[in-house]
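Just so it is clear: chains get the letters A, B, ... in the order the sequence lines come, proteins before strands, and each one is counted from 1.
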There are 2 protein chains.
Amino acid sequence: MSKTPLRPPLSEEVVAKLQSAVAKGRWKVGDRIPAEPELMAEMGVSRGTLREAIKALASTGIFEVRRGDGTYVRATSEISGTAQRVYRDHSDQDVLQVRFALDTQSARLAAKAADAKVVEQLRALLGQRSEAWGNRDYPAWAKADWKFHLEVARASGVPLMHEIYESFGDVFHGTKMVQRLADGFDGCLHEGHESLVDAIEAGDPEAAARTVIKNLDYCMSWMP
Amino acid sequence: MSKTPLRPPLSEEVVAKLQSAVAKGRWKVGDRIPAEPELMAEMGVSRGTLREAIKALASTGIFEVRRGDGTYVRATSEISGTAQRVYRDHSDQDVLQVRFALDTQSARLAAKAADAKVVEQLRALLGQRSEAWGNRDYPAWAKADWKFHLEVARASGVPLMHEIYESFGDVFHGTKMVQRLADGFDGCLHEGHESLVDAIEAGDPEAAARTVIKNLDYCMSWMP
DNA sequence: TCACGTTTAAACATTAGACGTTTGATGTTT
DNA sequence: AAACATCAAACGTCTAATGTTTAAACGTGA
């Protein structure tokens, strides 16, 4: 008797199919996916198996199942779904404190891994940031600011640092920040950001960290 | 007709029960939970519902289901489950860099929130740490060291900081660290930890941060 | 026409039972 | 002792039926 080549659980295969369908854009965020009977036929599995797969993706935040209505796509990846759920249970200030922890270490590491090309890119982003502020285009300013900090995290040379840092994006993107900053805020120290890049270029980790801390302390003083 | 008070899905209730059971320590990491029929009876639900709940927790990394064998606890919370999956794809050094980011900020915040009672507890943990090192009981030393750092994170007064920090626990708990440290390592600066507590007690954030950085740089020099 | 209650079809929720597959342990043979 | 055969326990999957909830369609009266 020849042994069957060891079958992995069908439900996992279904999870993979659904997840890739979402990732490939077959259904976009907000869409309702086909009803269970239809998916059963398409995937060729029973209802229980399909439901287990859907439940799994729902628990990671990718799907939201609404009884009597249907199943909707709520996120495109697991990390953003989990991060949102974790952050949601904490205050904005607390989330910022963690983000700041990563900011400081990123700056320190980026200074150690100083790279002319990266420095140039950072200066370019700072240019956009400054320009947007000049035009009073606050959404553009927020976007440029975020891209700058994200780039510093990448420059740390630690992919995990960048990945976690990125998970904050969905939380801060266009939220209260922009609104609060609009009235009376002075752009969170343009010079502060310049001197951060200077420190990175000079390869001085401690100066870079000091600069970040100075900026952040100032920023925090504007938060409620 | 009076409306029934809107019942949430049973499976979610089961998810909550299982999750809290894990959180409360009824089953520890590595344990095998009771078989499906037994849990069905205990929770009072059908097999399908129970399996959906288990599948949900498995997809977050809290459970691992092994066909033909049983279901095992692999993490104590969702964040640690996700974290493990995320960390697995990165080097130990990279994970450490992130942990260090949190260490530094925790120390800074702890110094600002200086509290006599917490300081006393930290000193007590340092005592255990030092004693274990003297007895060459490396597992106990590692445990005490971990508890100390975890307590600093808690002392930051930012629950999210402690939560994320804790997610590193399952990764480092009794792993290569201990083995590597055993040969030729000198305990990662006992005085360094003392002076950290001193800085926290004095309420000097910058001194606390400096101390941590000094300790960590030294520690990193022992890593491959 | 508009507002509001009712009906209805669609979709998810749950249960029950049966059978298949895989795994780890046990016992047997060599 | 090592290799093999057997067995019970546990998870994997399927089928079928019924209950609950939702959103939309419908209809009626103001």
Side-chain angles (χ1 to χ4, degrees), chain A residues 1-19 21-22 26-27 29-75, chain B residues 1-19 21-22 26-27 30-75 81:
Chain A
M1 260 193 290
S2 72
K3 281 190 300 185
T4 316
L6 223 82
R7 183 161 36 100
L10 255 186
S11 58
E12 279 187 19
E13 199 177 316
V14 176
V15 167
K17 279 185 186 177
L18 290 173
Q19 194 157 15
V22 171
R26 172 178 170 185
W27 310 305
V29 174
D31 283 359
R32 182 175 68 182
I33 71 175
E36 288 168 355
E38 192 171 335
L39 287 176
M40 285 169 61
E42 179 182 331
M43 310 272 188
V45 298
S46 76
R47 182 127 182 258
T49 302
L50 174 65
R51 279 179 59 82
E52 281 182 12
I54 291 178
K55 255 312 207 261
L57 292 178
S59 82
T60 68
I62 291 181
F63 286 156
E64 178 192 353
V65 184
R66 297 177 53 171
R67 165 165 44 183
D69 182 5
T71 299
Y72 294 80
V73 179
R74 287 288 176 252
Chain B
M1 262 193 285
S2 70
K3 283 188 300 185
T4 316
L6 222 82
R7 185 161 34 100
L10 255 186
S11 59
E12 278 187 20
E13 201 175 315
V14 176
V15 166
K17 280 185 186 175
L18 291 173
Q19 195 157 14
V22 170
R26 173 178 170 185
W27 310 304
D31 283 359
R32 182 175 66 181
I33 71 176
E36 287 168 356
E38 193 172 334
L39 287 176
M40 285 169 58
E42 179 182 330
M43 309 273 186
V45 297
S46 74
R47 191 158 170 228
T49 302
L50 174 65
R51 280 179 59 82
E52 281 181 12
I54 291 177
K55 211 53 176 206
L57 292 177
S59 84
T60 69
I62 292 180
F63 286 156
E64 179 192 352
V65 185
R66 297 176 49 170
R67 163 164 43 181
D69 184 2
T71 299
Y72 294 79
V73 179
R74 288 288 177 251

Between P on D:dA10 and OH on B:Tyr72, what's the gap in Å once rounded to a whole number? 10 Å

Taking D:dT15, D:dG12, C:dA11 as options, the one with an atom nearest any side-chain atom of A:Ser46 is D:dT15

Answer with yes or no whether A:Arg47 presents, from its side chain, a donor or acceptor under 3.5 Å of a partner atom in the base of C:dA13. yes

Before accepting this row, confirm whether a basic side-chain N of the pair B:Arg26/B:Glu42 lies closer than 4.0 Å to the acidic partner's carboxylate O. yes

If I take atom CD in residue B:Glu13 and atom P in nucleotide C:dT14, what distance separates them, rounded to the nearest angstrom? 9 Å

Starting at CD of B:Glu12 and ending at P of C:dA13, how long is that distance when rounded to a whole Å? 9 Å

Is the base of C:dT14 touched by the side chain of A:Arg51 through a donor-acceptor pair closer than 3.5 angstrom? no

Just to be sure I understand the rule, does B:Gly70 reach a base, reach only the sugar-phosphate, or reach nothing, if contact means heavy atoms closer than 4.0 Å? sugar-phosphate

Side chain of A:Val45 (C-beta onward), nearest among C:dT15, C:dA11, D:dC14: D:dC14

Under 4.0 Å between any heavy atoms, over every strand shown, what does A:Arg66 touch: base, sugar-phosphate, or nothing? Just pick one. sugar-phosphate

Determine: side-chain N/O of A:Thr71 to OP1/OP2 of C:dC12, distance under 4.0 Å, yes or no. yes

Nearest heavy-atom pair of A:Ser59 and B:Ala56: which atoms, and what distance? OG-O, 3.1 Å

In whole Å, what is the span from the CE atom of B:Met40 to the P atom of C:dT15? 9 Å

Would you say a side-chain N or O of A:Thr49 is under 4.0 Å from OP1 or OP2 of D:dC14? yes

Nearest-nucleotide comparison on DNA chain D, the residue closer to the 5′ end among A:Asp69 and B:Pro34: B:Pro34

Nearest to the side chain of A:Ser11, heavy atoms from C-beta on, is which of C:dC12, D:dT13, D:dA10? D:dT13

Nearest 0.5 Å, what's the CD-CG distance between B:Glu36 and B:Leu50? 6.0 Å

How long is the straight-line distance from CE of B:Met43 back to CD of B:Glu38, given to the nearest 0.5 Å? 10.5 Å

Quick one: CD1 on A:Ile62 to CG on A:Leu18, what's the gap to the nearest 0.5 Å? 9.5 Å

Whole-Å distance, A:Arg67 CZ to D:dT18 P, equals 20 Å

Rounding to a whole Å, what distance do you find between A:Arg32:CZ and C:dC12:P? 8 Å

Between C1' on C:dT23 and CD on B:Glu64, what's the gap in Å once rounded to a whole number? 13 Å

Distance in angstrom units between B:Leu10 CG and C:dA16 P, rounded: 12 Å

